[in-house]
Amino acid sequence: DAGVTQSPTHLIKTRGQQVTLRCSPKSGHDTVSWYQQALGQGPQFIFQYYEEEERQRGNFPDRFSGHQFPNYSSELNVNALLLGDSALYLCASSVRGGTLHFGNGTRLTVT
Amino acid sequence: EDQVTQSPEALRLQEGESSSLNCSYTVSGLRGLFWYRQDPGKGPEFLFTLYSAGEEKEKERLKATITKKESFLHITAPKPEDSATYLCAVQARQGAQKLVFGQGTRLTINP
């Protein structure tokens, strides 16, 4: 039983570029959440998707956007990258109201 | 605003030396308090959920307890493989499934 899978595992981008990160939820899960984890910090909530709609959003600018597909997989898009966007981006899946299970993340470096 | 503070930031123990990690929290109506373990370069791995003061959960050498303001993760006779960062998070009763994390405690067990 595959857990939460994220791609790519590592990514290097230049300031001003755009990036798309992908997430496949654990089998049977219908809800996907995205978190940003800076080095040495706890994860920070970006947003959550359920039934292909954004249900809740954290304190992140509109440069961060997402999408959920009918098969429950999800994408996180970040436009106009800043150096401060360098972080580990974590995807977590769950059944609605259930425990969040995390993938191993995508390490994004912005130069 | 929901908030989680973990202490200490880092802890070094000898193998077999028991100790406790602290998680202080404020939340507008607690739905659940979560403990996760995170290994370097990996995503958080779920350990426990606690729902109300007085509840306890155990798993191998770990025991989690909770009061109305704090949670503790007790580690009994730890082994080197228990070395990891331990994250505490709260989920409020209102709204969606957003988790608010602390910054984590980095635990090192020396053989």
Side-chain angles (χ1 to χ4, degrees), chain A residues 2-10 21 23-26 29-51 53-60 66 68 87-109, chain B residues 1-11 21-25 27-28 30-51 57 59 64 71 73 84-108:
Chain A
V4 180
T5 57
Q6 294 187 241
S7 63
T9 54
H10 295 85
L21 310 182
C23 172
S24 292
K26 187 178 166 79
H29 287 185
D30 57 7
T31 302
V32 173
S33 303
W34 288 91
Y35 288 78
Q36 180 195 66
Q37 187 176 25
L39 207 58
Q41 301 298 315
Q44 298 237 324
F45 175 74
I46 303 175
F47 42 53
Q48 181 190 79
Y49 278 84
Y50 173 67
E51 291 186 334
E53 288 190 17
E54 184 182 293
R55 299 292 176 168
Q56 191 179 20
R57 189 178 183 92
N59 190 23
F60 280 81
Q68 186 180 32
L88 180 67
Y89 287 85
L90 294 164
C91 172
S93 74
S94 64
V95 295
R96 192 76 174 148
T99 300
L100 270 64
H101 294 263
F102 286 83
N104 285 328
T106 294
R107 172 69 64 187
L108 173 65
T109 302
Chain B
E1 184 180 331
D2 303 335
Q3 198 165 1
V4 175
T5 303
Q6 293 187 245
S7 61
E9 288 189 8
L11 181 63
L21 312 182
N22 177 265
C23 170
S24 296
Y25 67 92
V27 64
S28 52
L30 181 70
R31 173 180 285 174
L33 183 141
F34 301 80
W35 282 98
Y36 284 85
R37 168 194 171 128
Q38 186 173 28
D39 293 303
K42 303 281 189 180
E45 176 189 345
F46 171 74
L47 293 173
F48 304 110
T49 308
L50 301 166
Y51 294 101
K57 294 273 179 75
K59 179 181 179 180
S71 177
L73 186 64
T85 295
Y86 290 85
L87 295 164
C88 173
V90 295
Q91 187 178 66
R93 202 173 293 132
Q94 297 300 320
Q97 294 178 282
K98 164 187 167 181
L99 294 182
V100 175
F101 282 87
Q103 78 279 21
T105 292
R106 190 172 64 255
L107 177 66
T108 304

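Letters A, B, ... are given to chains in the order of the sequence lines, protein chains preceding strands, and every chain is numbered from 1.
- Only the side chain of Thr31(A) comes within less than 4.5 Å of a heavy atom in chain B; its backbone stays farther off.
- The OG1 atom of Thr99(A) lies 8.5 Å from the CD atom of Gln91(B); values are rounded to the nearest 0.5 Å.
- Within a 6.0 Å radius of CD in Gln103(B), other residues, nucleotides and ligands contribute more than 12 heavy atoms.
- Interface remark: Gln37(A) contributes side-chain atoms only to the contact with chain B (heavy atom separation under 4.5 Å).
- More than 12 heavy-atom neighbours from other residues, nucleotides or ligands sit within 6.0 angstrom of NZ on Lys57(B).
- Contact annotation for Glu9(B): neither backbone nor side-chain heavy atoms come within less than 4.5 Å of a heavy atom of chain A.
- Between chain B and the options Gly42(A), Ser94(A), Pro43(A), Gly105(A), heavy-atom pairs under 4.5 Å are most frequent for Pro43(A).
- With a 4.5 Å cut-off on non-hydrogen atoms, Leu87(B) touches chain A through its side chain but not through its backbone.
- A distance of 13.0 Å separates NZ in Lys98(B) from CG in Leu100(A), rounded to the nearest 0.5 Å.
- Ranked by non-hydrogen atom pairs under 4.5 Å with chain A, the options Phe46(B), Tyr36(B), Phe34(B), Phe101(B) are led by Phe101(B).
- Take Asp30(A) and apply the salt bridge (charged side-chain N to carboxylate O under 4.0 Å, His left out) test, not counting sequence neighbours, and it matches no residue.
- A 4.5 Å side-chain heavy-atom check between Tyr35(A) and Leu99(B) finds at least one atom pair inside the cut-off.
- In terms of the salt bridge (charged side-chain N to carboxylate O under 4.0 Å, His left out) criterion, Arg106(B) has no residue partners (sequence neighbours excluded).
- To the nearest 0.5 Å, atom CD of residue Gln38(B) and atom CG of residue Leu90(A) are 6.5 Å apart.
- Going from atom CD of Glu45(B) over to atom CG of Asn104(A) covers 10.0 Å, rounded to the nearest 0.5 Å.
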